[in-house]
Visitor: 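Shown below is the structure under consideration.
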Amino acid sequence: MTCLALVSDDSAAKKRKPPPLYWGAWIGWQLTGTEAPYDMNAVSKFQSLVGKGLSLVEWSQAFSDCRSSPCQFFDFPAADLQNVRQYGAIPVLSWASSSIPNYVNQPDFQLSDVIAGRYDGHIRSWASAARAWGHPFFLRFNWEMNGDWFPWGEATNGNQPGQSVAAWRHVHDIFTSVGATNATWVWCPLAEIKKNTVRGLRAVYPGDGYVDWTCLDGYNWGTTPENPHPWRSFNKIFRKDYLSITTKIARKKPMMLGEIGSHSGGGNKTAWIRAMFRKVRTDYRKVRALIWFNAFDRTINWPVETSPSTLAAFRRGVGKPNYKPNIYGNISARPIPRPRR
C-alpha cells in the first residue's frame, strides 16, 4: 500500500500545472562585445537565440572602483535599470560591499567597516537615488556570503561570524530610513557547500523582516581545470539546501535561482539542462525565478549557445508557457511578488 501511494503521489506531482516563473540571464560580453545591460543589444541577441523574451536581466556592481587612487564610488545605475525596464524585464542587481578589482583581501572593505558606518554616506546616497528612480528591482546584496571567494564572505578578509547578518541589516535599515522601498531584497547563498547545514545557513540569514526572496546559486563545474569537481546533477547541487531553506529557514518566502550554470566537461550538458527544467517543474515548486549565468568565466563555457544541442534544450525549456516573457515594463508592486498565471 505504501509503495502504491508513493507512486500515486509522484504521478500527481508530475501532472500538476507548473507554477509560473520569472526567468532570465546574466549575459556576458561574448554576444556583442559588451555585457548586458550596458549593451541592451546583448539582451536582444540572447532573446533571438533562445526564442523568448526575458523577464529578468542580472548584472553586478561593487561599491567602488579602486583601480586608481583615490577610489571612485559608483552611482546608482538608474539608466541601466531603466533600459532593462523599458525592454520589459525586471532588473536583478547584485550589489557588493567591495571594490574592483575583486580581490578577496580588501582590508578597506571588511564587513566591520559597513557595520561601523564607514560607508553610510555612499549607501544613503545610493539608496536615495534608488528611491528617486522609483521602480521595483531585485537587489541581491552580498551574494554567496557563505563562501570564501568574495571579500564580504564571513570566512575571508578578516570578517567574523555574525557580521554578514549585521552588515545586511545595517544596509537594509538605511534603505528603510530613506524610503527606498522599491528594492526587493534577495538573500542568496551558494548551494552545496559542506557547511550548509540548516544551522549554518540560518546563521547567515538576516531574518524574515529583512528578506523578501530567498535564493540559491549553483554550478556544475565538471572537469574544468579552473575548479574541477565530479560531475553533479542539478538535484545533487540544489536539493538539500532547497529543502533546508524552504521548509525550515524561510518557509513563506519565494525562491530565486540567482546563478545557474553547467560546464560541458565530464558529462552531458544538454541532458543536464533538460533535467534542470524537469526537476524545477516537479520538485522545486517554490522556485519562482531562474537565471542562467550566460557568460564566460576564466574560459569556462557556461553559455548555452556554445553547443547547438544545449541551446535547443534551453530554448525548449524556457519556451514553456509558465516561463514568463518580457511583460513587466510597468510592474509597480513592492516587494516584487511571485509571478502570476
Side-chain angles (χ1 to χ4, degrees), residues 20-63 74-96 100 126-143 175 180-186 188 212-213 215 217 254 256-261 287-296 302-305 314 318 323-340:
L21 283 84
Y22 303 122
W23 82 277
W26 187 321
I27 304 171
W29 55 264
Q30 75 278 0
L31 295 180
T32 65
T34 304
E35 67 180 76
Y38 309 116
D39 181 2
M40 288 300 292
N41 289 324
V43 178
S44 300
K45 178 68 173 178
F46 185 76
Q47 174 180 329
S48 69
L49 289 169
V50 301
K52 192 172 195 175
L54 295 71
S55 49
L56 302 174
V57 174
E58 183 174 9
W59 74 104
S60 66
Q61 185 187 83
F63 273 16
F74 290 108
D75 293 332
F76 177 76
D80 298 317
L81 274 79
Q82 186 64 27
N83 287 339
V84 172
R85 182 176 171 87
Q86 288 177 346
Y87 166 77
I90 305 169
V92 182
L93 182 54
S94 296
W95 192 42
I100 58 171
W126 203 93
S128 296
R131 180 201 62 211
W133 181 63
H135 304 296
F137 67 103
F138 285 112
L139 183 62
R140 204 173 68 120
F141 181 62
N142 279 4
W143 64 103
F175 273 66
T181 59
N182 52 318
T184 293
W185 291 78
V186 181
C188 201
D212 299 308
W213 283 59
C215 176
D217 289 353
M256 172 186 294
L257 300 182
E259 294 180 36
I260 311 170
V287 169
R288 307 304 294 273
L290 181 154
I291 300 173
W292 187 267
F293 188 77
N294 207 71
F296 285 98
W302 303 121
V304 295
E305 70 270 13
F314 192 86
V318 298
Y323 285 87
K324 309 303 287 185
N326 52 327
I327 56 173
Y328 295 100
N330 294 316
I331 191 170
S332 60
R334 56 187 72 185
I336 297 167
R338 299 167 176 83
R340 297 180 179 179

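Basis for what follows: all heavy atoms, side chains included, without hydrogens, waters or symmetry-related copies.
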Visitor: Is any side-chain heavy atom of Leu81 closer than 4.5 Å to a side-chain heavy atom of His135?
Guide: no

Visitor: Which atoms form the tightest heavy-atom contact between Pro325 and Ser55, and what is the distance?
Guide: O-CB, 3.3 Å

Visitor: Should the ring pair Phe76 and Trp126 be called parallel, tilted or perpendicular, given that the plane angle runs from 0 to 90° and is split at 30 and 60?
Guide: perpendicular

Visitor: Quick one: OH on Tyr22 to CG on Leu54, what's the gap to the nearest 0.5 Å?
Guide: 14.5 Å

Visitor: Any side-chain heavy atom of Trp26 within less than 4.5 Å of one from Ser60?
Guide: yes

Visitor: Show the nearest heavy-atom pair for residues Gln61 and Asp75, with the distance to one decimal.
Guide: NE2-O, 3.3 Å

Visitor: Going by heavy atoms in the side chains, are Leu290 and Tyr323 under 4.5 Å from each other?
Guide: yes

Visitor: Could you list the residues that satisfy side chain to side chain contact (heavy atoms under 4.5 Å, CB included) with Pro303, not counting sequence neighbours?
Guide: Gln30, Asn294, Phe296, Glu305, Thr306

Visitor: Please tabulate, one pair per line, all N/O donor-acceptor pairs under 3.5 Å involving side-chain atoms of residues 127-134, not counting sequence neighbours.
Guide:
unit_1 : atom_1 : unit_2 : atom_2 : d
Ser128 : OG     : Arg124 : O      : 2.8
Arg131 : NH1    : Val178 : O      : 2.8
Trp133 : NE1    : Gln82  : OE1    : 2.8

Visitor: For Ala89 versus Val57, what's the shortest heavy-atom pair and its separation?
Guide: CB-CG2, 4.1 Å

Visitor: Can you give each donor-acceptor pair under 3.5 Å made by side-chain atoms of residues 40-51, sequence neighbours left out, with the distance rounded to 0.1 Å?
Guide:
unit_1 : atom_1 : unit_2 : atom_2 : d
Asn41  : ND2    : Asp39  : OD1    : 3.3
Gln47  : OE1    : Tyr87  : OH     : 2.6
Ser48  : OG     : Lys45  : O      : 2.6

Visitor: What's the separation between atom CD in Gln86 and atom CG in Asn326, rounded to the nearest 0.5 Å?
Guide: 13.0 Å

Visitor: Among Glu58, Glu259, Arg140, whose side chain to side chain contact (heavy atoms under 4.5 Å, CB included) with Ile291 holds?
Guide: Glu58

Visitor: Compare all side-chain heavy atoms of Ile331 with those of Arg85 and state whether any distance is below 4.5 angstrom.
Guide: yes

Visitor: If we ignore hydrogens and angles and just use 3.5 Å, is the side chain of Trp23 paired with the main-chain N or O of Gly53 as donor and acceptor?
Guide: yes

Visitor: Applying side chain to side chain contact (heavy atoms under 4.5 Å, CB included), can you list everything that pairs with Asp80, at least two apart in sequence or on another chain?
Guide: Pro37, Tyr38, Trp59, Pro77

Visitor: Which residues pass the side chain to side chain contact (heavy atoms under 4.5 Å, CB included) test with Ala183, sequence neighbours left out?
Guide: Phe137, Leu139, Phe175, Trp185

Visitor: For Tyr328 and Pro339, which heavy atoms make the closest approach, and how far apart are they?
Guide: OH-CB, 3.9 Å

Visitor: Any side-chain heavy atom of Pro20 sitting closer than 4.5 Å to one from Arg288?
Guide: yes

Visitor: Please check: side-chain N/O of Trp292 versus main-chain N/O of Trp302, any donor-acceptor pairing under 3.5 Å?
Guide: yes

Visitor: Using the test side chain to side chain contact (heavy atoms under 4.5 Å, CB included), find all partners of Thr184 that sit at least two apart in sequence or belong to another chain.
Guide: Phe138, Asp212, Trp213, Pro335, Ile336

